[in-house]
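The structure appears below as structure tokens.
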Protein chains: 2
Amino acid sequence: MRLTRAGEYGIRCVLHLARHGKGALVSRKEIAVRTDVPPHFLAKIAQQLSRAGIIEILQGANGGYRLLTDPSGITLLAVIEAIIGEISLNDCVGRPESCQNSTLCTVHRVWNKANQQLRATLQETNFATLASEEACCLTPFPETGDHKRPNGKK
Amino acid sequence: MRLTRAGEYGIRCVLHLARHGKGALVSRKEIAVRTDVPPHFLAKIAQQLSRAGIIEILQGANGGYRLLTDPSGITLLAVIEAIIGEISLNDCVGRPESCQNSTLCTVHRVWNKANQQLRATLQETNFATLASEEACCLTPFPETGDHKRPNGKK
DNA sequence: TCTATATAAGACTAAATATATCTTATATAT
DNA sequence: ATATATAAGATATATTTAGTCTTATATAGA
């Protein structure tokens with residue numbers, strides 16, 4: 001498991017849409033600017049959210065994105081997994097062939113427990129709650145628009 | 001957070017040592033073969049475990065590694081964080097300057113909660129327990145010794 | 001129907017990270 | 001002294017992630 005930039009951006013996107021409520025159409029450009037996500041990158045993320053049934057994409061002039069369901073029915077888990085796939089903390093790298101019986105492996109049991117807990121926690125949170133509170137990952141106003149990679153670590 | 005190969009290898013290494021008990025000296029070569037970890041890579045990992053005070057490294061002829069403390073006092077969390085640093089699910093990428101007040105941000109609160117849970121779960125597990133049970137990540141007998149990257153996904 | 005505007009989709013580039021190896025140096029038992 | 005074992009850092013390679021660019025498609029409105 002790793003919350004990639006794409007996953008983070010997906011959360012921002014849905015959070016922004018959630019503040020407009022279910023069905024409200026918001027242009028990709030507005031979302032991109034307000035959430036500080038590169039427009040083309042946002043397009044990809046939106047496609048994944050669309051395939052997951054979370055948003056609807058409207059093409060053409062005056063197009064944009066909108067939530068298909070009420071924010072209260074959209075969990076943090078659903079959004080994240082729409083982007084990065086099902087969360088799994090333990091990749092069981094190196095020796096997958098011998099890991100079929102992972103119920104026998106004590107190490108994997110721990111990882112699996114942790115994994116379940118993590119997914120449960122993320123599932124408890126919905127975007128109605130998130131949108132009603134403060135978030136530091138949405139800009140109140142347009143930004144400079146530069147998207148050089150920060151070289152922050154980890 | 002991501003359990004890298006190095007982290008996985010670190011667990012295997014300590015698990016193998018734990019089966020020999022505190023203070024028992026095991027050569028790097030033996031560990032490398034039995035845990036299927038490239039010897040030079042193991043050396044690096046061992047250095048991190050050593051700096052973390054988990055193992056002691058003995059140089060010279062008949063050298064090797066050994067646990068400094070009883071396996072029951074070594075947690076899964078300690079080993080993992082010795083290798084990959086403190087676990088953090090949320091990198092808060094993109095906008096670290098505005099994330100100082102993460103207590104205000106509802107999204108971060110969720111991540112932080114999940115993060116605490118995860119670390120707690122990994123801390124509950126010690127290597128005496130792990131070593132007493134079956135594990136699928138240790139080979140009973142020496143392997144071929146080839147270390148091509150598996151191209152398994154995710 | 002034409003034009004402007006908006007997104008779709010995939011190729012492509014660049015950067016960061018992870019993984020593994022190689023070389024030279026150092027320590028220790030015999 | 002010598003053989004054996006690990007230390008430490010440089011280097012190479014692969015993979016993944018992040019972001020951009022180009023061409024195609026869809027829609028509203030003149």
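A note on names: the letters A, B, ... follow the listed sequences, proteins ahead of strands, and every chain is numbered from 1. Below, all heavy atoms of this structure are taken into account, side chains as well, without hydrogens, waters or symmetry copies.
Of the candidate nucleotides D:dT6, D:dA18, C:dA8, D:dT6 has the atom lying nearest to any side-chain atom of B:Arg28. Nearest to the side-chain atoms of A:Gln47 among the listed nucleotides C:dA8, D:dT6, C:dT7 stands C:dA8. Nearest to the side-chain atoms of B:Thr4 among the listed nucleotides D:dG19, C:dA18, C:dA20 stands C:dA18. Out of C:dA8, D:dA7, C:dA20, the shortest distance to the side chain of B:Tyr9 is found at C:dA20. Closest to the A:Arg5 side chain, of the nucleotides C:dT19, C:dA8, D:dA18, is D:dA18.
Atom pair B:Arg51:CZ and D:dA7:P shows a separation of 10 Å (rounding to whole Å applied). In this structure, CD1 of A:Ile83 is placed 11 Å from P of D:dA18, rounded to the nearest angstrom. In this entry the distance linking CG of B:Asp36 with C1' of C:dA20 reads 13 Å, nearest Å. Whole-Å rounding puts the A:Ile55 CD1 to C:dA6 P distance at 17 Å. Following rounding to the nearest Å, B:Ile45 (CD1) and C:dA18 (P) show an atom-to-atom distance of 13 Å. To the nearest angstrom, C1' of D:dA18 lies 14 Å from CG of A:Leu42. Put simply, CZ on B:Phe41 is 15 Å from P on C:dC22, counting in whole angstrom units. Protein atom CD of B:Gln48 is 13 Å distant from nucleotide atom C1' of D:dA8, rounded to whole Å.
Rounding to the nearest 0.5 Å gives a distance of 9.5 Å between CZ of B:Arg109 and CG of A:Leu130. Residue B:Leu67 holds its CG atom at 8.0 Å from CD1 of B:Ile55, rounded to the nearest 0.5 Å. Here the CD1-OG1 distance, from A:Ile54 to A:Thr69, works out to 7.5 Å after rounding to the nearest 0.5 Å. In this structure, OG1 on A:Thr35 lies 6.0 Å from CG on A:Leu42, to the nearest 0.5 angstrom. Remark: B:Phe127 CZ to B:Thr129 OG1 distance equals 10.5 Å, nearest 0.5 Å. Within the model, atoms CG of A:Leu17 and CZ of A:Arg19 stand 11.5 Å from one another, a figure rounded to the nearest 0.5 Å.
Checking side-chain atoms of B:Glu56 against main-chain N and O of B:Arg66 turns up no donor-acceptor pair under 3.5 Å.
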Contact pattern, 5' to 3', of nucleotides 23-30 of chain C - B, S or - by protein heavy atom under 4.0 Å: B---BBS-

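Residue contacts for A:Ala46: at a heavy-atom cut-off of 4.0 Å it reaches no nucleic acid atom on any strand shown.
Within 3.5 Å, no donor on the side chain of B:Lys44 pairs with an acceptor on the base of D:dG9, nor the reverse.
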